[in-house]
Amino acid sequence: MPDSSLHFSRDLAMMTLVAISAALAALLSQSTIKPPALEFIKIGADSTAFNATATLIVGKSEVLLWDAQMKPADAARVADAIAATGKKLQAIVISHPDHDHYEGVPILKARFPGVPVYMTQAARDYYVAHVKQPAFMPDVLPSTKLTVDGVKLELIPDLAGDVIQPVNSVLWIPSMRVLLASDIAFQEVHLWLGSSDANSRAQWRASIARLRKLGPRVVIAGHKRDINAPDSPDVLAATDRYLTDFDSLRATAADAPTLRSAILKQFPSYAVARLVGAGAMAAFRPAGSK
Ligand SMILES: [Zn+2]
C-alpha cells in the first residue's frame, strides 16, 4: 500500500518539522530570556558554628547581606565573598537576635567600614535586653520594603521561630519567589528548641503555614547540613514535621533524657545533635519558668 505509506512518511515529515520549529522557538526564546535579576550566594558553616547560613543577595551593582555568621573565620569568608563580587555592600540585615547569626558582624564592619547593620525593632529590643556586652549595636531597620538594584525585597517581621518571642524575620523576593527563611527553616539540622515552649512551638508552626502560603519556589534555610544541598521549599514541611514529632514524642516521654534519645532516634542523620539535650530540657521546664 504505497499510498498510505507515502501519507505516513509525509505525516512523519510534518511532525518532525513541527518538532524542529518548536525546538527552534524554544532556543530563540531562551536566548532572549533575561538572566535572573538577583543572585544568591550562600556561605555555610560547620557544626562547630551550628551549620548556620549567611546569604549574599547580589544585584547588578549592589549586595545585601542576610545574616553574618558567628565565628571570625566564617565571617571572613563572607567578607571575601562580598569583596569578590566587586559590588557595593549596601547593608547587613540580621534575621533574628541569635548569636550564631550576628557574632560575625564586627569582622564585616571592619572590612566594610560604615556599612549599616539592621535588625527589626523587636529583634533589637530582644538583643539589647539579652546581650550583656554587645560587640556592636544594630540600627532599627527603617523599612520592611528593601531593594537591591531596583528588585523589590520584602522583610516579613515578628514571626515565631527558634526564639521564644516572635522576633524572627524572613526575606521574601516576590518576583523570583525566593524565600530566605532563616531560623523558621532548618535543613537536616536539629532545630534549636532550647529557647522554646509548647506555645512558641505552636506559633513557629503557624509561621511555617503562613510562609508556605506565599508559594515559594526556593527556600534558603537558616541552618543547612550541606550548604550546597538544593533549596527546596520542602524544607518548610520538613521543619513542621520535626516540630510535630517533637511534641508527640514529648507527650509520651517520661523525662528530658528519654525525649532526647527519642529525637536522636527519629532524626539520625541530622547535624548538631549536641543541642538536642537543651531542647528536651526546655520541653520539661515548668510552664512560666525560663
Ligand atoms: Zn540559628
Side-chain angles (χ1 to χ4, degrees), residues 40 42-56 65-75 77-78 92-108 117-120 122-124 126-127 129-131 134-136 138 155-171 179-197 200-201 203-205 207-208 211 219-227 229 231 235-236 238-240 242-243 246 263 267 270-282:
F40 300 88
K42 297 168 288 174
I43 289 102
D46 65 18
S47 66
T48 64
F50 311 112
N51 293 71
T53 61
T55 307
L56 275 56
L65 176 61
W66 178 248
D67 286 342
Q69 282 296 348
M70 177 176 94
K71 290 163 79 177
D74 293 327
R77 285 191 299 116
V78 174
I92 301 170
V93 183
I94 303 298
S95 63
H96 67 296
D98 271 348
H99 71 119
D100 46 331
H101 301 265
Y102 67 66
E103 277 184 353
V105 163
I107 300 279
L108 287 147
V117 181
Y118 295 121
M119 285 185 194
T120 62
R124 189 182 186 277
Y126 189 96
Y127 176 83
H130 290 85
V131 181
F136 70 97
L155 184 134
I156 305 172
D158 307 336
L159 294 168
D162 67 343
V163 184
I164 198 152
Q165 289 173 23
V167 296
N168 285 63
S169 45
V170 301
L171 201 58
L179 179 70
L180 276 61
S182 195
D183 285 10
I184 309 289
F186 284 59
Q187 193 175 46
E188 291 185 45
V189 175
H190 286 286
L191 274 57
W192 166 242
L193 292 171
S195 167
S196 78
D197 59 22
S200 76
R201 291 191 294 274
Q203 292 307 311
W204 186 342
R205 294 191 62 211
S207 302
I208 292 172
L211 297 177
V219 178
I220 302 179
H223 293 263
K224 284 170 70 81
R225 185 167 67 111
D226 172 7
I227 192 67
D231 298 297
V235 72
L236 290 173
T239 305
D240 186 73
Y242 189 108
L243 286 162
F246 183 91
I263 296 286
F267 301 99
Y270 277 36
V272 198
R274 71 185 187 282
L275 292 183
V276 174
M281 297 254 286

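Heavy atoms only: backbone and side chains are in, while hydrogens, waters and symmetry mates are out. Just follow the structure's listing: the first ligand is 1, and inside any ligand the first atom is 1.
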Please give the atom name: the N, O or S atom of Asp183 nearest to the Zn ion (ligand 1). OD2
With heavy-atom distances below 4.5 Å as the criterion, would you say the side chains of Leu191 and Trp204 are in contact? yes
N/O/S from His101 sitting under 2.8 Å away from the Zn ion (ligand 1): yes
Any donor-acceptor pair under 3.5 Å from Thr53 side chain to Gly222 backbone: yes
Would you tell me whether Ser207 and Asn168 have side-chain atoms, one donor and one acceptor, within less than 3.5 Å of each other? no
With the Zn ion (ligand 1) as the reference point, give the N/O/S atom of Asp100 that is nearest. OD2
Distance-only, no hydrogens or angles: does the Ser169 side chain make a donor-acceptor pair with backbone N or O of Ser95 under 3.5 Å? yes
